[in-house]
There are 2 protein chains.
Amino acid sequence: MTAPILEKLRFRDPQIEMAHGAGGSASWRLIDDLIAPILLKGSPEPLGDAAHVGVGAARVAFTADSFVVSPLRFPGGSIGELAVNGTVNDLAVSGARPEAIVVTLVIEAGLPSCELEAEIRALAAAAERASVIIAGGDTKVVEHGKADRLYITTAGIGRPMNSLRISPHSVQPGDQVLLSGAIGDHGITILLARGELDIDADLVSDTRSVFPFVEALASASGDGVRWMRDPTRGGVATSLNELARQAKIGISLREDAIPVRDSVRGACELLGLDPLHIANEGQFLAVVAPEAAQNALAAIRSVPGGEDACIIGEIRQQPAATVVCVSGYGGTRVVDMLVGDPLPRIC
Amino acid sequence: MTAPILEKLRFRDPQIEMAHGAGGSASWRLIDDLIAPILLKGSPEPLGDAAHVGVGAARVAFTADSFVVSPLRFPGGSIGELAVNGTVNDLAVSGARPEAIVVTLVIEAGLPSCELEAEIRALAAAAERASVIIAGGDTKVVEHGKADRLYITTAGIGRPMNSLRISPHSVQPGDQVLLSGAIGDHGITILLARGELDIDADLVSDTRSVFPFVEALASASGDGVRWMRDPTRGGVATSLNELARQAKIGISLREDAIPVRDSVRGACELLGLDPLHIANEGQFLAVVAPEAAQNALAAIRSVPGGEDACIIGEIRQQPAATVVCVSGYGGTRVVDMLVGDPLPRIC
């Protein structure tokens, strides 16, 4: 690795804006055009995935995420729970069994100790549910007005599962796209928890470990599994656009097949948003070989919380690097990555 | 691991203050009385050290630190360089060879892209100097006024060195305390960079990887090495107090033997601070068996930047759990952990 002092960068935005953190197209430009050319030179890691690196003779899956969600607590979860599940899920969808996590806290001076205690308990409880140990951490405090109550960063390590050989480059025309359940619950829950919409919905975040889906799928379909992802920031649309661009294939979704709760659909209509762009924190996307699809679907449905899993689309040769969605009436629209940041700080 | 919902905690401070992040006694209360009983139940990791955890058949050293230093750039370094070296050093003093790092950024909206680029370059350059790969990362953006330009978190993994068997419990009366060079440079450099003192000193941060010291010491003294630490927040005094309490031994320092630059001593006198409490980012402390001490000292001195290494004290049976310092005139004073936070956000 070298630090290319004189390298010309393509990144031209004069300053960093909220959209650069939203996980959509601006985030990708920041990563692809500024961060990766300098920092990940020669080994660009896709945003949000875990790297598999050698430590002595062993391979170790390794990842980290920062969490800045506001508010700290919301129906169905809190920042502490998100921080564990988010990192566990990055390890899981990279094809690894999550083993251990370290946690760092950036605390705004003046945070009531009881709020901190609640998040420490949330971290511990989520780690126990996900069967990972918390191995250590670090605490920093900044002046009042230099953070927003509490930011949490987690890093995780895991053990690569030998039965899985996943890569965007394994994805083939004809492969099937599987989804574990209803989309958009997390993002819309956060939005409603802020009181920014006058909607009263019985909606909770879907935050959870997706490792049980990975484990079931690995055991049912093994090398029929081509690719996996937890569609968080930017939603299913952004995750599948990343895949389409990396694999240089097309993805055709069937709109009718994608489960969306009425409350999520209603909020999206009010806001002019597409549920495919809304963040999830416990859903699971997979691409599997056509002959493995029915077994894979049964495996995901056998996991608690995966009962509504379904096949939402398939891989096509054309149009390359593009995701399209076919409506119940047969109309076809292009589904792009998220642009801008309509729902900031949802994780 | 279990989440003890009803457990009675000893932590009684109603809210989190700057001192809880200073690395001294308030930080220890926060860790010992709130965080560790819930989060690190059964496996309390000392603050600032790396855990060694099993991943399959392998052992992996694993740690993370957040960096919130202000200003972002200062003589001798910047937040990006600190963020790599800090995590590399936590791995190194745990007795591991640093291998890979992941980086997360929390960016305040409005940060000029050129400032971000400078820190990305600093991260890459420091990683190259420390011979670690950067394996991935994550970026979040928060609204203007919800951070202070840029916070960086790094996590690191490393390979435990078989030649080292270090633990506070290995430390014995008669063992010698070694220090790699002059103390307090980093903390006072940050203070001066803020313009808070009307002193003009030719001082730079000592930020660097201490792994070359660890490697030299391991090869020269092997199992004669009992304990190692990079004395960051809270300084040499806090690191040695931690050791004295964990090992239930006494530590006697010779004030004349501890290297302190005139500019650091002068600033400390103005502020009523003890150089033993000032943070370092590239110094190295070790406790070695008496028969290994001269070899160990020669090994540390052979490393560039270690020329001024010296033996600064020794381990005693009594007074247990206490650090004392003997002046050139023969007077003895107790050296306690850092109390309060006289120099906030130095890392």
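Proteins get letters first, then strands, A, B, ... in listed order; numbering begins at 1 in each. Computed from a prediction, not measured in an experiment: that's the story for all the values here.
- For B/R345, the part sitting under 4.5 Å from any heavy atom of chain A is the side chain, from C-beta outward, and nothing else.
- Taking chain A as the reference chain and counting heavy-atom pairs below 4.5 Å, the highest number among B/R149, B/K140, B/E99 is found for B/K140.
- For the set A/S131, A/A64, A/G56, the entry with the most heavy-atom pairs within less than 4.5 Å of chain B is A/A64.
- Contact of B/I152 with chain A is not made at all, since no heavy-atom distance falls under 4.5 Å.
- Distance check, rounded to the nearest 0.5 Å: NE2 of A/H20 to CG of B/L105 gives 13.0 Å.
- Each side chain to side chain donor-acceptor pair (under 3.5 Å) pair with one or both residues in residues 30-40 of chain A, not counting sequence neighbours, appears once here: A/R10-A/D33.
- Only the side chain of A/V53 comes within contact range of chain B, judged by heavy atoms closer than 4.5 Å.
- At a 4.5 Å heavy-atom cutoff, the contact between B/I107 and chain A is made by side-chain atoms alone.
- The CG atom of B/L111 lies 8.5 Å from the CD atom of A/Q15; values are rounded to the nearest 0.5 Å.
- When all heavy atoms of A/T104 and B/S66 are compared, the closest pair comes out as OG1-OG, 2.6 Å.
- There is no contact between B/E115 and chain A, counting heavy-atom distances below 4.5 Å.
- For A/T153, the part lying under 4.5 angstrom from a heavy atom of chain B is the side chain only.
- In terms of heavy atoms, A/L40 sits closest to B/I134 at CD2-O, 3.6 Å.
- Ring planes of B/Y151 and A/Y151: tilted class, angle from 30 to 60°.
- Shortest non-hydrogen contact noted between B/I16 and A/S113 is CD1-OG, 3.9 Å.
- Residues A/M18 and B/A109 approach most closely at SD-CB, 4.0 Å, considering heavy atoms.
- When each of B/D13, B/I157, B/D341, B/V55 is checked for heavy-atom pairs under 4.5 Å with chain A, B/I157 comes out on top.
- Across B/A61, B/C114, B/A147, the residue that shares the most heavy-atom pairs under 4.5 angstrom with chain A is B/A147.
- With a 4.5 Å cut-off on non-hydrogen atoms, A/I101 touches chain B through its backbone but not through its side chain.
- For the set A/C347, A/G110, A/A155, A/G145, the count of heavy-atom pairs under 4.5 angstrom toward chain B peaks at A/G110.
- For the residue pair A/I120 and B/L39, the shortest heavy atom distance occurs at O-CD1, 3.7 Å.
- Highest contact tally toward chain B, considering only A/V102, A/T154, A/V103, is held by A/V102 [criterion: heavy-atom pairs under 4.5 Å].
- Contact tally against chain B (heavy-atom pairs below 4.5 Å) for A/G54, A/A57, A/A100: the top residue is A/A100.
- Within the 4.5 angstrom heavy-atom criterion, only side-chain atoms of B/V106, from C-beta onward, approach chain A.
- Across all non-hydrogen atoms, the minimal contact from A/R233 to B/D138 is NH2-OD1, 2.7 Å.
- Between A/I35 atom CD1 and B/E117 atom CD the span is 11.0 Å, to the nearest 0.5 Å.
- Between chain B and the options A/R97, A/H144, A/E143, the largest number of non-hydrogen pairs under 4.5 Å is found for A/E143.
- Ranked by heavy-atom pairs shorter than 4.5 Å toward chain B, the options A/P14, A/A22, A/A58 are led by A/P14.
- Between B/L30 and A/L116, the closest side-chain pair of non-hydrogen atoms falls below 4.5 Å.
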